[in-house]
**Q** 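This is the structure I want to talk about, given as structure tokens.
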Amino acid sequence: MSGVDGKVVAITGASSGIGAATAIELADRGAAVVLGARRGERLASLVERIRGTGGRAEMLEVDVTRREDLAELVGLAVDRFGRLDVLVSNAGIASLAPVADLEVDAWDAMIDVNVRGVLYGIAAAMPVFRAQERGHFVTTVSTSGLKIVPTQAVYAGTKNAVRTVLEALRQESTDGVVRTTAISPGYVRTELVDNVADPDQREAARQAMAELGIDPEAVARAVAFAIEQPEDVEIGELVIRPARQG
Ligand code: NDP
């Protein structure tokens, strides 16, 4: 099946930013979307908005650090829509600080959400994809894993860990059953840096996003492009940066 229309897509981190924009983009193109994040009220209003324009959407409060939550999200897609075609593992957090600041709790949190959260999604969806003999893992990584800059060491490391897993999965899936796509955004105007602990780092990141950042809809269109390809075409990685980002 090519195109987006009719596909069943589960999206983590769908309550704001890139995930929410992706949900709207894919639903507008005819996908049934199953939305997961912790902030249920945000998800509920997104579901209402999508259904209000004739789209199909379900939601579940999900914490991606809990393996069973991912299993429930995948189960919801299968229960309501009969299958799962794509899992967009998009939930992520960023903490910006020099390594020497030893923000060990923040390191743990990023590893839990950005790495374990993605692996738990793979664990939940893989049996469904194998049974269907078709499935697509789309995962939001980052240009910070391509161009390493100070203060982003652990964040970039989590994104590169996931990039590595996706590439291995691609090589292990030469039967064509499972496709993988890494979506690699540069600065995008979202809430991502709102929780950065250090006020100076937070302000610097907010300013960079405000000055340079592109809209999350630009990334959503890239996700749609990866998903709409014919089954024999796999988009390995898409990099979507502001044209003025160095
Ligand atoms: P947002 O902060 O707007 O979105 C992050 C999403 O992740 C939210 O929906 C949040 O939902 C969800 N999330 C965070 N922790 C958890 C958790 N434990 N369980 C479930 N969901 C969780 O930022 P973005 O849209 O920018 O971020 C989306 C992805 O894009 C992230 O992976 C980020 O690393 C990546 N990215 C962003 C860039 C940018 O410049 N904005 C650049 C490169 C990559 P909730 O809090 O409701 O759980």
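In listed order, ligands and their atoms are each counted from 1. Along the sequence shown, residues are numbered consecutively beginning with 1.
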**Q** Sequence neighbours left out, what passes salt bridge (charged side-chain N to carboxylate O under 4.0 Å, His left out) with Asp101? Give chain and number order.
**A**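 Asp101 satisfies salt bridge (charged side-chain N to carboxylate O under 4.0 Å, His left out) with no residue once adjacent residues are dropped.
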
**Q** Checking Asp108 now: which residues fulfil side chain to side chain donor-acceptor pair (under 3.5 Å) with it, not counting sequence neighbours?
**A**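 Once residues adjacent in sequence are excluded, Asp108 has no partner under the side chain to side chain donor-acceptor pair (under 3.5 Å) criterion.
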
**Q** Scan side-chain atoms only and decide if Gln171 and Glu167 contain a donor-acceptor pair under the 3.5 Å cut-off.
**A**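 A pair is found: one side chain offers a donor N or O, the other an acceptor, under 3.5 Å apart.
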
**Q** Which donor-acceptor pairs under 3.5 Å do side chains of residues 9-17 form with protein atoms, sequence neighbours excluded?
**A**
{"from": "Thr12", "atom 1": "OG1", "to": "Asn90", "atom 2": "N", "distance (Å)": "2.9"}
{"from": "Thr12", "atom 1": "OG1", "to": "Ala91", "atom 2": "N", "distance (Å)": "3.0"}
{"from": "Ser15", "atom 1": "OG", "to": "Arg39", "atom 2": "NH2", "distance (Å)": "3.2"}
{"from": "Ser16", "atom 1": "OG", "to": "Arg39", "atom 2": "NH2", "distance (Å)": "3.0"}

**Q** Please name the pair of heavy atoms, one in Asn114 and one in Val162, separated by the smallest distance, quoted to 0.1 Å.
**A**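 Taking every non-hydrogen atom into account, O-CG2, 3.2 Å.
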
**Q** Compile the protein residues with any heavy atom at a distance under 4.0 Å from an atom of ligand 1; present them by chain, then by number.
**A**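 Its neighbours under 4.0 Å (heavy atoms only) are Gly13, Ala14, Ser15, Ser16, Gly17, Ile18, Ala37, Arg38, Arg39, Val62, Asp63, Val64, Asn90, Ala91, Gly92, Ile93, Val113, Thr140, Val141, Ser142, Tyr155, Lys159, Pro185, Gly186, Tyr187, Val188, Thr190, Glu191, Leu192, Met209, given by chain and number.
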
**Q** Between Arg163 and Ser184, do the side chains contain a donor N or O and an acceptor N or O under 3.5 Å apart?
**A**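 On atom types as modelled, these side chains qualify, holding a pair under 3.5 Å.
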
